[in-house]
2 protein chains.
Amino acid sequence: MDNQLATTLFESLSSSIRLDVFRLLVKNAPSGLVAGEIATSLALPATNLSFHLKAMTNAGLINVTQEGRYQRYRANLSVMQALVDYLTAECCTAHPESCCDN
Amino acid sequence: MDNQLATTLFESLSSSIRLDVFRLLVKNAPSGLVAGEIATSLALPATNLSFHLKAMTNAGLINVTQEGRYQRYRANLSVMQALVDYLTAECCTAHPESCCDN
DNA sequence: TCAATATTTCAAGAATCGTTGTACTATTGC
DNA sequence: GCAATAGTACAACGATTCTTGAAATATTGA
């Protein structure tokens, strides 16, 4: 996890639409959801959702697999775990006594 | 930590300048740095840095205290810890077996 | 093959964000 | 008080990002 990837992931989580999408996919792990189910669930126009799904996929935050005419999206949980580890390191490395245990 | 605050914090960390500022302040915790020291350290124009510091302060990611004519900025480590906890919950609550321990 | 369905791509405009220079406020030391 | 210093506020512009409708692509089922 380098700074540039972290920045990209934060950017990916910095829109409420994308955060909602990610949370929905976490809730529906590990089976994931197809694009139409996400759109219905979050009441989003297909084009707008597609725009955000593409951004999140490019960032590596979610994965997509084709299922016939459907696209199934899944949260990339290991990337999220790596981000948590990165943040913990950012937060605690220098001065553990002033952060981790409060 | 609600979704809106999380979104705001991610937005705050989604620029490489702001991420660099935060990392610098973590490295210099708990004493913090005054604005001029940050500007020198990151080679940023004062106005641009001020713009980002204001955004980060509004988001609650950093704190500021006045010291005479200086403004001293410190990383808000407990907010960062709360964000890590939020992300961990987002990542692991639904299906711990598929995330936390890999 | 053909119509229906699922999703993406593209283009255009709206909205937001980032950067910079200039001006302003506040504090310090003489 | 006055000049110097630290930092912020404001305004303008450029650059991104967001949103939407229309068109394109691909798959399915009849």
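Naming: A, B, ... by sequence-line order, numbering from 1 per chain.
Atoms CG (A:L42) and P (D:dT19) sit 12 Å apart, rounded to a whole Å. Per the geometry, NZ belonging to A:K54 stands 15 Å off P belonging to D:dT25, to the nearest Å. Between the C1' atom of C:dA26 and the CD atom of B:E67 lies a distance of 15 Å, rounded to the nearest Å. Here the P atom of nucleotide C:dC17 and the CE atom of B:M56 are 16 Å apart, to the nearest Å. Rounded to whole Å, the distance from CG on A:L44 to P on D:dT20 is 8 Å.
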Nucleotides 12-16 of chain D: which of its N/O atoms have a protein N/O under 3.5 Å away?
none

Item to check | Verdict with reasoning, B:N3 to B:Y86, per side-chain hydrogen bond (donor to acceptor under 3.5 Å, both in side chains) | outcome: CA-CA 9 Å; B:N3 283 3; B:Y86 172 87; 2.7 Å; yes
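A 6.0 Å sphere centred on CD of A:Q4 holds no more than 12 heavy atoms belonging to other residues, nucleotides or ligands.
At a threshold of 4.0 angstrom between heavy atoms, the contacts of A:A46 include nucleobase atoms, whether or not backbone atoms are also involved.
Here the closest non-hydrogen pair linking A:V79 and A:G60 is CG2-O, 3.6 Å. Shown here for B:S12 and B:L61, the closest heavy-atom pair between the two residues is CB-CD2, 3.8 Å.
None of B:L25, B:D20, B:N28 except one satisfies the side chain to side chain contact (heavy atoms under 4.5 Å, CB included) rule with B:I38; the exception is B:L25.
Looking only at side-chain heavy atoms (C-beta outward), B:L19 and B:L13 come within less than 4.5 Å of each other. The closest side-chain heavy-atom distance from B:L5 to B:L9 is below 4.5 Å.
Partners of B:T65 according to the side chain to side chain donor-acceptor pair (under 3.5 Å) rule, which considers only residues two or more places apart in sequence or in another chain, are B:R74. Under the side chain to side chain donor-acceptor pair (under 3.5 Å) criterion, A:D85 pairs with A:Q81, not counting sequence neighbours.
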Item to check | Protein-to-nucleotide contact annotation, 5' to 3' order, nucleotides 18-24 of chain C [B base; S sugar-phosphate only; - none; under 4.0 Å, heavy atom] | outcome: BBBBB--
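Residues of residues 69-76 of chain A that place a heavy atom closer than 4.0 Å to DNA chain C, in numerical order, are A:R69, A:Y70, A:Q71, A:Y73.
Formation of a donor-acceptor pair under 3.5 Å by the A:S14 side chain with backbone atoms of A:E11 is found in this model.
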Donor-acceptor contacts, no H, no angles, side chain residues 41-56 of chain A, under 3.5 Å, sequence neighbours left out:
unit_1, atom_1, unit_2, atom_2, d
A:N48, OD1, A:H52, NE2, 3.4
A:H52, ND1, A:R18, NH1, 3.0

